[in-house]
Amino acid sequence: MLKTALFTLSASALLATSVTANAADKEVNVYSYRQPFLIEPLFEDFTKETGIKVNVVFAKKGLIERVEREGKLSPADLVLTTDISRLMSMVNKDLSQSVNSTSINEDIPAQFRDPKGEWFALTTRVRNIYTTKRSDKPESISYADLADPKYKGKICTRSGKNAYNVGLVASYVANNGEEATRMWLEGVKANLARRPQGNDRAQVKAVKEGVCDLAIGNSYYYGAMLKKADQKAWAESVYINFPDQNGRGSHINVSGMVLTKHAPNKSSAVKLMEYLADEKAQSVYAEVNMEYPVNPAVKPSELVASWGEFKSDSLPVYKLAENYSSAQKLLDEVKFDL
Amino acid sequence: MIALDISELNCRYSDTNILSGLNLKIEDGEIVCLLGRSGCGKTTLLKAISGLIQPSSGEIALHGQAVSSSTRTLPPEQRGIGMIFQDYALFPHLTVAKNIAFGLKDLSILDVKRRINEMLELVNLQGLGKRYPHELSGGQQQRVAIGRALANNPSVLLLDEPFSNIDSQVRQRLVQEIRDILKQQKVAALFVTHNKDEGFAFADSVAIMHKGMILQHDRSFNVYNHPVNKFVAELMGEGNLLPCKIINKRQVSTAVGLIESSADIYAQPGQKANLFLRPQMIRVSPSFNSVDKPFFIINQQFMGQNLRTEVQIEKQILVVENANPLPVNTAVDISVTSHDLVLFDDNESVFKMAG
Amino acid sequence: MKHSLSLYWKASSWLLAFLLFTPVLALFYEAAAPTGDIFTHLLNTVLVDYIVNSIILIVGVGVLGLIFALPPAWIMANCDIPGKKYLQWLLVLPLAMPSYIVAYIYTDIFEYSGFVQIFLRESMGWQSASEYYFPDIRSMGGAIFILALVLYPYLYMLARTALLEQSESHRLASRLLGCSPFQSVLKVSLPMARPAIITGLSLMGIEALADFATVSYFAIPTLTTAVYDTWLGYGSLNAAAKLSAIMLLVVTLLVTTEKYSRRRLKLFQKTAGQEQKELLKLSGWTNYLAQGWCWLLVIAGFIFPCIVLLNYAIDNFAISFNTQLMSYALNSLKVATGAALFAVITACLLGFYQRLQSTLLASVPSRVISTGYALPGNVLAIGVLIPLTQLDHGVNNLIMSLGYDPVGLIFSGSIFAIIFAYAVRFSAVAVGSVESSLGRISPSLDMASRSLGCTPARMVSRVHLPLVRRGILTGFLLVFVESMKELPAALLLRPFGFESLATWVFQYASDERMEQAALAALLLIMAGLIPLILLNRSLESNQR
């Protein structure tokens with residue numbers, strides 16, 4: 001019996017070795033928080049161009065923690081994230097290394113990258129407020145308005161603990177302080193039509209269904225829904241609004257990338273980073289995923305551009321990360337999700 | 001009054017008749033032993049009496065009230081029958097006291113307590129009320145089962161092989177004890193077993209069951225000594241079947257000579273028959289007489305109270321009981337104690353009284 | 001009877017138990033570290049609500065599970081109803097359904113834009129959500145319903161077996177003592193089946209507590225959510241580990257209390273053997289009710305979701321069909337088989353050790369590894385990563401100190417990590433089933449075989465193993481089915497390029513596009529179906 005057990009163990013270990021043994025060259029390993037639907041075509045194109053194979057592990061949660069545990073043995077070269085907090089968390093945990101590439105620095109404006117090159121944003125996304133077409137499009141709307149009692153029972157949003165919402169709350173904390181944010185959150189909570197649930201699309205859908213009149217959601221979902229036959233009707237039932245145009249400007253968050261501290265395939269990884277910041281990849285981000293590319297040479301897609309120009313919050317994105325923790329705590333304190 | 005009256009009962013299982021035209025009566029306070037080999041339908045009969053299965057025809061009545069027929073079956077819980085099972089069927093999740101109180105209804109807590117204590121005393125288990133069944137010995141468990149079944153004053157008590165799981169040393173005492181309890185409670189009881197000795201010790205009368213019918217129901221003594229056929233005779237104990245010829249009303253002739261009967265024989269003189277002889281009715285003694293051709297002992301076995309001796313009679317082996325050891329090959333004479341002879345006809349049944 | 005075992009065997013039992021315990025140990029170690037004010041903050045804000053939600057969830061799933069599982073278990077054990085031959089195994093099938101798939105499908109049907117509400121609105125002329133009341137599927141009630149629907153087979157299987165083993169005499173005794181059939185069930189059958197029912201309930205409860213996919217889909221924050229939040233949101237593994245440790249303690253405490261409460265009850269089952277039971281023939285409305293209830297469960301928990309999936313799959317065949325599905329399926333099979341083998345070997349090693357030694361100390365290894373069962377998948381994943389990465393670092397340092405090139409993450413970076421994680425999580429299941437079938441082997445067999453000259457090892461291989469074959473098979477199949485469905489640990493631990501059916505399906509489900517992965521979902525269910533049918537076969541032949 002023991003022999004069998006030992007055999008199984010050693011067999012799996014052997015199997016393991018064969019799986020992880022990788023040629024150091026011509027490969028790059030990516031841990032991605034971003035869903036594969038978008039990035040896989042990009043990686044395929046990159047491989048076609050450079051001959052470098054891209055290996056991906058995709059997960060919505062825990063990848064940074066995995067890199068941390070793996071330490072210097074980590075196979076990961078690059079981590080792709082969907083928001084600033086995770087980029088900063090890589091940096092703060094000393095899991096990143098700086099990249100100094102002229103090509104990247106030319107492609108990405110300074111406010112969208114770390115001065116020392118520890119992290120780079122790839123796209124920006126706005127946290128919009130969608131309003132129902134059952135009433136007129138509001139002249140202007142601000143995030144603060146969401147706490148206005150006139151919207152009682154009319155707002156839908158996803159979980160407060162979602163990174164996009166935490167980012168929004170963090171920006172509110174950075175701009176208005178903790179006390180004001182708490183009161184604002186309490187107000188918003190009191191206005192919710194239902195317990196926070198679902199993703200951003202689900203909120204727009206809820207507006208269509210008459211569950212609520214206002215929904216909070218990222219900009220690119222609007223575009224994505226318009227492009228999908230079965231979701232078009234949801235998007236068409238709402239106006240997209242860029243909040244705080246009379247104030248600080250709309251809250252933006254970024255998706256981005258970090259080169260890991262112990263990247264085994266550094267040169268390939270940097271090539272991939274350069275590729276992602278370059279016009280070709282950036283225009284895919286813009287056209288396919290309806291995001292705002294950080295590369296100024298690339299214009300947003302026609303559809304996205306049709307939503308109009310807007311003023312974005314001048315708060316530097318890394319400031320958001322500094323307020324994440326207090327945003328989390330405030331969301332807990334007002335029991336936003338309960 | 002008749003406590004249990006079963007008449008012409010038929011029960012079938014997927015087209016096979018398990019019970020066919022069964023009749024049985026039990027008087028109040030009477031203990032009847034139902035004796036039969038396994039597969040004779042005892043279990044089915046118990047299920048029918050308890051109301052678990054419906055008869056295809058016939059009727060079961062308790063104290064004059066019909067409870068089972070082909071059209072109507074009173075559910076078990078409304079019959080007021082008590083039952084003792086081979087595996088005791090004590091509820092393992094309940095204490096002894098709660099097992100006994102299980103069937104008690106419409107009594108105040110105080111009365112329930114009193115009844116439990118009465119029952120514990122009756123079955124001689126005072127002080128064990130708080131134990132769980134698995135903490136008791138087999139005999140104790142069986143007594144709990146008795147107490148539980150009697151607590152509700154059942155009109156009839158059914159006992160299904162109740163002693164088969166009990167050590168033989170304890171068994172005899174327990175059989176007597178429980179018989180005393182039943183007699184004291186004056187409850188009518190049907191006791192099912194395949195062990196005739198238990199039946200004799202426990203019951204007032206014995207009913208022999210075979211192939212779904214009752215072959216004979218009588219006092220134990222009568223069934224033993226006057227079996228209605230060869231099957232019953234052999235079920236009641238070992239015996240020898242000796243071909244014979246009827247000489248007259250009181251005599252038959254056999255290979256071992258003339259045998260006297262203490263009562264009249266119903267068969268006609270000259271008729272051939274088979275004589276059923278119990279071993280203890282035959283006596284052997286060493287033969288010193290050279291005139292008659294002797295018989296020889298071919299085997300002898302010590303059985304405790306007596307010796308089981310096999311004697312070669314022509315082509316047959318006669319089983320005899322005797323008190324003194326005799327070596328194998330001893331020449332012996334055979335004599336038969338005069339008694340009411342049991343004679344079977346060609347159909348292995350007893351000769352009926354003429355007319 | 002105590003048998004002297006080779007040191008080899010003892011040592012390997014303890015070693016294996018220790019290995020499987022390391023993730024839990026690692027978490028406890030993390031939990032002991034100071035957590036700053038995060039724990040206090042949680043305690044002051046949401047923790048109590050989360051705990052209350054968890055309790056409501058567990059109790060709800062338990063109660064609904066009893067309502068779902070006990071009637072069919074009793075009916076299958078005691079009654080003769082039409083279609084019983086099929087029903088008794090159909091009733092097990094919801095276990096093959098991953099809860100998040102069922103949750104997705106039911107949400108699709110019952111939400112505002114779902115078929116049911118559209119139909120209601122059209123037939124009643126309502127215009128918007130505000131005009132009528134309809135229960136929200138994405139609610140605590142919904143989560144309880146879905147979880148009970150996919151978890152009840154645990155209770156059903158265990159309770160049915162226990163009820164089948166009850167001798168008819170107990171039922172008849174209770175009837176003759178004045179119980180109606182229904183009272184007899186309540187007062188005798190069910191209390192006697194209590195150990196099996198409790199085991200089934202605790203399996204359901206632990207699965208419900210550890211569930212993340214369904215509650216997060218329905219946005220119900222529970223203790224598991226709290227663990228995730230603290231770990232990933234606040235970045236405090238220590239506080240997360242502390243919460244998991246509390247969860248573990250509570251589960252252990254509950255299970256122990258129950259065991260203690262029935263310490264005097266020995267509900268041993270007499271294996272009555274060939275006893276022919278009188279099956280109840282139901283008639284009239286009871287017959288319809290019994291059949292209806294069973295079919296309703298099968299339809300709601302299995303047939304209906306499958307039909308919906310099939311529908312999705314046909315509608316989206318072009319997108320759904322993927323040449324790589326086969327390789328994903330192969331990955332799923334590989335991992336599930338590996339985990340099941342690992343768990344079963346562990347169970348045998350520890351089970352026999354415990355039986356042959358029959359000391360209190362010898363039961364420690366199997367108790368210890370059972371703790372892994374109560375860990376939510378994602379927490380387990382991090383718990384697994386801690387010792388495995390340590391091991392990897394150790395191995396690599398050693399190799400490098402000998403002057404060779406490092407071999408990389410051979411343990412934590414390969415499918416070994418997933419297999420190990422599943423073994424940690426599900427060994428308890430295998431241990432349970434092997435233990436219970438070992439428990440049925442009479443000790444006199446041990447004495448007989450020893451007196452016939454068997455060494456303990458020989459006794460195990462010649463006598464015990466053949467007799468616990470079914471227990472081993474049951475354990476293997478249960479671990480296999482669970483491993484096929486498991487998601488969070490696979491997501492976090494998978495190596496590059498590894499995609500299993502579950503991860504593939506979830507990728508779409510989490511993006512609310514499961515229609516497009518319907519084919520994979522069906523494959524996943526089918527793959528879980530075969531072992532379940534085998535399992536049920538083996539349980540059934542066990543009764544004969």
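By convention in this document, chain letters (A, B, ...) are assigned in the order of the sequence lines, proteins followed by strands, and residues within each chain are numbered from 1.
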Side chain, backbone, both or neither: which part of [X] has a non-hydrogen atom closer than 4.5 Å to chain A?
X	result
C:Asp136	side chain
C:His393	both
C:Leu47	neither
C:Asn396	side chain
C:Ile386	both
C:Asp405	neither
C:Glu515	neither

Tell me whether A:Arg194 is salt-bridged to C:Glu111, with the criterion being a basic N under 4.0 Å from an acidic carboxylate O.
no
Kindly write out the residues that satisfy side chain to side chain donor-acceptor pair (under 3.5 Å) with C:Thr230, not counting sequence neighbours, or none if the list is empty.
none
Tell me if the NZ atom of A:Lys232 is crowded by more than 12 foreign heavy atoms within 6.0 Å.
no
Heavy atoms of other groups near A:Lys208 NZ, more than 12 under 6.0 Å
no
Please flag which part of [X] lies under 4.5 Å from any non-hydrogen atom of chain C: side chain, backbone, both or neither.
X	result
A:Lys228	side chain
A:Arg195	side chain
A:Gln35	side chain
A:Tyr324	neither
A:Ser74	backbone
A:Lys161	side chain
A:Val30	backbone

Selection from A:Glu333, A:Lys329, A:Lys335 maximising heavy-atom pairs under 4.5 Å formed with chain C
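The candidate making the most pairs under 4.5 Å is A:Lys329.
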Largest heavy-atom contact set with chain C, pairs under 4.5 Å, which of A:Gly198, A:Ala206, A:Gly210, A:Ala59:
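Result: the option with the highest number of such pairs is A:Gly198.
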Among C:Asn44, C:Thr389, C:Leu42, C:Asn53, single out the residue with the greatest number of heavy-atom pairs under 4.5 Å to chain A.
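Looking at each of C:Asn44, C:Thr389, C:Leu42, C:Asn53 in turn, C:Thr389 comes out on top.
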Among C:His41, C:Glu499, C:Gln390, C:Gln117, which residue forms the greatest number of heavy-atom pairs with chain A at distances under 4.5 Å?
C:His41
I need the A:Arg69 CZ to C:Leu409 CG distance, nearest 0.5 Å.
13.5 Å
Hey, what do you get for CG (C:Leu385) to CD (A:Glu70), rounding to the nearest 0.5 Å?
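Between C:Leu385 CG and A:Glu70 CD, I get 6.5 Å after rounding to 0.5 Å.
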All heavy atoms of A:Gln197 vs all of C:Ala219, minimum pair found to be CB-CB, 3.6 Å
Which heavy atom of C:Phe496 sits nearest to which heavy atom of A:Asn29, and what is that distance?
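Looking at all heavy atoms of both residues, the shortest contact is CZ-CB, 3.1 Å.
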Consider side-chain contact (heavy atoms from CB on, under 4.5 Å). Of A:Leu331, A:Val334, A:Asp332, which one does C:Thr45 pass it with?
A:Asp332
Heavy-atom side-chain contact between A:Leu338 and C:Val46 under 4.5 Å:
yes
Take A:Val57 and C:Phe498 through the side chain to side chain contact (heavy atoms under 4.5 Å, CB included) test and state the conclusion after the steps.
CA-CA 8 Å; A:Val57 172; C:Phe498 178 90; over 6 Å; no
